[in-house]
Amino acid sequence: MKTLIVYNHPYSDSFNHALLEAVIAGAKKAGHEVDVIDLDQDHFDPVMTGKDLLAFRDHQVLDPQAKDYVAHLQAADHLVMLFPIWWELMPALTKGFIDKVIFPGAAYEYTASGYGMRTLLPKLRSTTVITTMNTPKLVYRFVFGNAIKQALLKGTFKKTGMKNIKWFNLTMVKNSTQAKRKKWLTQVEEHFAKK
Ligand SMILES: Cc1cc2nc3c(=O)[nH]c(=O)nc-3n(C[C@H](O)[C@H](O)[C@H](O)COP(=O)(O)OP(=O)(O)OC[C@H]3O[C@@H](n4cnc5c(N)ncnc54)[C@H](O)[C@@H]3O)c2cc1C
């Protein structure tokens with residue numbers, strides 16, 4: 001089994017980085033081969049240029065970095081997306097990954113009607129999104145409509161035909177105790193060790 005982790009955080013002593021290490025440790029315990037795309041370290045360009053957009057129309061990925069990411073995605077059995085919530089949604093690099101890699105002709109295709117979508121990732125068994133934020137869970141849910149669930153889990157992954165989509169949302173990270181954060185790291189590692 002191959003687990004692909006798409007990671008987006010700009011500095012290496014962050015809590016997100018500790019979560020990355022927990023996912024890697026867990027997946028390795030489960031005997032998985034681990035592949036990490038570090039969008040910040042790669043200096044991934046999230047901008048969809050005019051040429052990229054014309055290529056979107058023609059269902060051909062143009063950006064060489066995005067093309068390489070598509071190959072990693074097509075080889076994966078499990079996908080993990082890990083990032084902090086910024087302004088209720090994902091940081092720009094993760095948004096760019098969605099725009100330029102979850103691409104027609106690469107990650108999905110349209111059904112005959114032209115409206116429906118079906119996946120082009122037959123190998124992919126599951127997708128797990130891990131987010132961190134400072135907002136309390138209920139506020140994010142009832143005031144901000146669980147924006148990441150609507151936009152990413154339903155509006156992107158489910159819509160393009162991905163299966164077994166899960167979301168772990170670690171809330172009030174800044175105000176949590178060190179012990180609570182350590183517990184989350186252990187729980188995340190244990191979750192991936194069981195997969
Ligand atoms: C532009 C921007 C917009 C934002 N918008 C929102 C928003 O809309 N809603 C919202 O809720 N939040 C928002 N935030 C806050 C953001 O979601 C949090 O700052 C982020 O999720 C925290 O994750 P981090 O990895 O950056 O944590 P860090 O800041 O790196 O760390 C958080 C805490 O964890 C501790 N820590 C680090 N490593 C470990 C470890 N190994 N074990 C235990 N503890 C550790 C740190 O010491 C610190 O106390 C925004 C932030 C930015 C920059």
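Just so you know, ligand 1 is whichever comes first in the structure, and atom 1 is the first atom listed for that ligand. Owing to the predicted nature of the structure, the values given are computational and were not obtained by experimental measurement. Excluded from the calculations below are hydrogen atoms, water molecules and symmetry mates; all remaining heavy atoms, backbone and side chain alike, are included.
Lys100 places a side-chain N or O within donor-acceptor distance of the main-chain N or O of Val47, the cut-off being under 3.5 Å. Using modelled atom types, one side-chain atom of Arg181 and one backbone atom of Ser176 make a donor-acceptor pair closer than 3.5 Å.
For atom 13 (C) of ligand 1, the closest non-hydrogen atom on the protein side is Ile85 O, 3.3 Å. For atom 1 (C) of ligand 1, the closest heavy atom belonging to the protein is Trp87 NE1, 3.8 Å. Nearest protein heavy-atom contact of atom 19 (O) of ligand 1 is Asn134 ND2, 3.7 Å. Here the heavy atom of the protein found nearest to atom 32 (C) of ligand 1 is Val173 CG1, 3.7 Å. Looking at atom 29 (O) of ligand 1, its nearest protein heavy atom turns out to be Tyr11 OH, 3.7 Å. Given atom 9 (N) of ligand 1, the protein heavy atom at minimum distance is Thr135 OG1, 3.4 Å.
At a distance under 4.0 Å, a protein heavy atom can be found next to atom 21 (O) of ligand 1. In this structure, atom 46 (C) of ligand 1 is not in close contact with the protein, since no protein heavy atom lies within 4.0 Å of it.
Contacts of Leu185 with ligand 1, taken as heavy-atom pairs under 4.0 Å, involve the side chain alone. Residue-level proximity to ligand 1 for Ala18 is carried by the side chain, the only part with a heavy atom below 4.0 angstrom. Contacts of Tyr140 with ligand 1, taken as heavy-atom pairs under 4.0 Å, are absent altogether.
Asp99 has a carboxylate O that lies under 4.0 Å from a charged side-chain N of Lys95, or vice versa, which qualifies the two as a salt bridge.
Between the side chains of Asp77 and Thr3, not a single donor N or O lies within less than 3.5 Å of an accepting N or O. For the residue pair Asn134 / Asn175, no side-chain donor-acceptor distance below 3.5 Å is found, with atom types taken as modelled.
Every atom of ligand 1 with a heavy atom of Thr132 under 4.0 Å away is listed here by number and element: 17 (O), 20 (C), 21 (O), 22 (C), 23 (O). Counting atoms of ligand 1 from 1 in the listed order, those under 4.0 Å from a heavy atom of Glu88 are 7 (C), 8 (O), 9 (N). Within the listing of ligand 1, atoms 43 (C), 44 (N) sit less than 4.0 angstrom from a heavy atom of Gln178. Annotation for ligand 1: atoms under 4.0 Å from non-hydrogen atoms of Lys182 are 42 (N). Near Asn16, meaning under 4.0 Å from one of its heavy atoms, ligand 1 places the atoms 23 (O), 24 (P), 25 (O).
Between Met81 and Thr131 there is no side-chain heavy-atom pair separated by less than 4.5 Å. Using a 4.5 Å heavy-atom cutoff, the side chains of Phe83 and Ile130 are not in contact.
The residue among His17, Arg181, Met172, His9 with a heavy atom at the shortest distance from atom 48 (C) of ligand 1 is Arg181. The option from Phe15, Trp86, Phe83 that lies nearest to atom 38 (N) of ligand 1, judged by heavy atoms, is Phe15.
Aromatic rings of Phe15 and His17 (six-membered ring for Trp) have centroids beyond the 6.0 Å cut-off, not under it.
Within a 6.0 Å sphere centred on NZ of Lys183, other residues, nucleotides and ligands contribute 12 heavy atoms or fewer.
Listed by first and then second residue, the ring pair (Phe, Tyr, Trp, His ring centres under 6.0 Å) pairs involving residues 19-70 are His32-His78, Phe44-Tyr69, Phe56-Phe103, His59-Tyr110, Tyr69-Phe97 (not counting sequence neighbours).
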Please test Thr135 against Met172 for side-chain contact (heavy atoms from CB on, under 4.5 Å), starting from the C-alpha separation and ending with a verdict. CA-CA 5 Å; Thr135 304; Met172 300 180 73; over 6 Å; no
